[in-house]
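Every chain is numbered from 1 and lettered A, B, ... according to where its sequence line falls, protein lines coming before strand lines. Both backbone and side-chain heavy atoms feed into the values below; hydrogens, waters and symmetry mates do not.
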Amino acid sequence: MISANRLRSIAFWSHDLNEREIEQARRGIVEKAYPKGAFICHRGDNFEAWTGIVSGLVRFCMTSASGKTATLAGLRTGSWFGEGTVLKNELRQYDLVAVRDSQLALMNRATFMWLFENSVGFNRFLVRQLNERLGQFIALLEYDRTLDATTRVARSIAWLFNPVLYPVAETQIEVSQEEIGLLSGVSRQVANSSLKALEAKGLVRLEHNGLTVLNLDRLRNFGE
DNA sequence: GCATTAACAGCCG
DNA sequence: CGGCTGTTAATGC
């Protein structure tokens, strides 16, 4: 269980909830720390919590039978995920790995379902989020075949600043070039040269263990 | 050719 | 010192 204030600060969707709904939500959430490299869940797990990232960075990926992993998305502080699995009450279809030390908020399924049945504000949030994710995965379809490394890096960064998924007017993120590589599906060296190419075009500013987005629109549409 | 791994020096916190 | 960055060399698809 967490306090109402804590809920407000870690879950932007709670701003659309009424008093009674906030009370239910905060009682159904616990926080848990995951060290760098830890699996939050594996494909096939019955991990039934709806999950929010309080701090850290999580990679959402799939591992093929041959052992190769494909990153589907990077999830940063402020994102909530797993609603598809919780709604359908099924096993996880993917792996979740903490890219670095991360603090997560776990909402139990009963609480999630109560909000789903009772809260208009919560449902509005869910529809918006599902719709945005759908766009994200449709965009992934062209990814592997048609996009060069720099374009993939550009779009991976753009997703980390998606205004619907992360409704905070923030332009800076603490992330190493190695982590960008993991999220983009390229090596650290390629991530490095791609990032420098994006910096030369004035789309981002590189910092030590971090970067600032200077032009989100051009990043999102990079390569078109 | 392009991307990846390996390796290393330099830099930053 | 430990982790991150910028580069180069060797290797693989």
Side-chain angles (χ1 to χ4, degrees), chain A residues 9-10 31-43 51-79 94-104 136-162 165-166 168-216 218-224:
Chain A
S9 70
I10 67 174
E31 292 192 33
K32 188 171 175 186
Y34 289 82
K36 177 177 181 172
F39 274 82
I40 293 147
C41 74
H42 287 90
R43 179 173 192 173
T51 311
I53 302 182
V54 178
S55 69
L57 190 64
V58 171
R59 188 160 57 101
F60 173 6
C61 56
M62 301 186 96
T63 306
S64 67
S66 60
K68 290 198 170 180
T69 69
T71 298
L72 301 178
L75 303 164
R76 70 178 173 93
T77 299
S79 74
Y94 44 78
D95 301 324
L96 290 167
V97 185
V99 173
R100 59 164 172 261
D101 289 354
S102 299
Q103 178 81 4
L104 303 190
Q136 183 167 10
F137 289 116
I138 285 174
L140 265 181
L141 293 177
E142 70 171 325
Y143 226 67
D144 283 327
R145 280 163 297 190
T146 58
L147 301 185
D148 67 19
T150 304
T151 307
R152 288 161 67 162
V153 169
R155 300 207 177 171
S156 297
I157 295 169
W159 279 115
L160 292 178
F161 289 89
N162 180 296
L165 301 180
Y166 310 101
V168 190
E170 195 180 326
T171 59
Q172 205 274 345
I173 187 174
E174 184 184 300
V175 62
S176 73
Q177 297 185 356
E178 182 171 14
E179 291 164 351
I180 291 287
L182 272 174
L183 302 183
S184 310
V186 300
S187 65
R188 180 175 72 80
Q189 288 81 346
V190 169
N192 174 259
S193 62
S194 295
L195 284 166
K196 292 181 80 171
L198 294 174
E199 183 175 49
K201 291 177 185 294
L203 306 192
V204 299
R205 180 172 62 243
L206 300 183
E207 296 139 13
H208 192 72
N209 195 26
L211 60 85
T212 297
V213 171
L214 301 177
N215 192 327
L216 183 57
R218 282 180 61 203
L219 263 188
R220 188 184 295 131
N221 300 317
F222 193 86
E224 286 178 358

Checklist entry - Are any of A/Asn192's side-chain N or O atoms less than 4.0 Å away from OP1 or OP2 of C/dG6? => result yes
Checklist entry - Closer than 4.0 Å, any side-chain N/O of A/Lys196 to the OP1 or OP2 of C/dT5? => result no
Partners passing side chain to side chain donor-acceptor pair (under 3.5 Å) against [X] (at least two apart in sequence or in another chain):
{"X": "A/Thr212", "value": "A/Glu207"}
{"X": "A/Arg218", "value": "none"}
{"X": "A/Thr77", "value": "none"}
{"X": "A/Gln103", "value": "A/Glu31"}

Item to check | Contacts of type ring pair (Phe, Tyr, Trp, His ring centres under 6.0 Å), residue A/His42, not counting sequence neighbours | outcome: A/Phe39
Next on the checklist: Using the ring pair (Phe, Tyr, Trp, His ring centres under 6.0 Å) criterion, which residues pair with A/Phe161? Sequence neighbours excluded.
Outcome noted: none
Next on the checklist: Holding to side-chain contact (heavy atoms from CB on, under 4.5 Å), I want the full list of residues that pass it with A/Asn221, two or more places apart in sequence or in another chain.
Outcome noted: A/Glu224
Next on the checklist: Checking A/Leu182 now: which residues fulfil side-chain contact (heavy atoms from CB on, under 4.5 Å) with it, not counting sequence neighbours?
Outcome noted: A/Arg59, A/Val99
For [X] and [N], give me the distance from atom [atom1] to atom [atom2], rounded to whole Å.
{"X": "A/Leu182", "N": "B/dT5", "atom1": "CG", "atom2": "C1'", "answer": "14 Å"}
{"X": "A/Leu198", "N": "C/dT5", "atom1": "CG", "atom2": "C1'", "answer": "16 Å"}
{"X": "A/Lys36", "N": "C/dG2", "atom1": "NZ", "atom2": "P", "answer": "14 Å"}
{"X": "A/Leu195", "N": "C/dT5", "atom1": "CG", "atom2": "P", "answer": "9 Å"}

Checklist entry - Through what angle, rounded to 10 degrees, does the axis of the helix from B/dG1-C/dC13 to B/dG13-C/dC1 turn between its ends, using five pairs per end? => result 20°
Checklist entry - When every nucleotide of nucleotides 8-13 of chain B is labelled 5' to 3' by its protein contacts under 4.0 Å (heavy atoms), B for base, S for sugar-phosphate only, - for none, what sequence of letters results? => result B---S-
Protein and nucleotides 2-4 of chain B: nitrogen or oxygen contacts under 3.5 angstrom:
residue : atom : partner  : partner atom : Å
B/dT4   : OP2  : A/Ser187 : N            : 3.4
B/dT4   : OP2  : A/Ser187 : OG           : 3.0

Next on the checklist: Looking at A/Gly56, is its backbone amide N or carbonyl O close enough to the side chain of A/Tyr34 to form a donor-acceptor pair, meaning the two atoms are under 3.5 Å apart?
Outcome noted: no
Item to check | Qualifying salt bridge (Lys or Arg N to Asp or Glu O under 4.0 Å) pairs, either residue in residues 179-188 of chain A, two or more places apart | outcome: A/Arg100-A/Glu179
Next on the checklist: I want to check something: taking the side chain as every heavy atom from C-beta on, are A/Trp159 and A/Leu219 in contact at a cut-off of under 4.5 Å?
Outcome noted: no
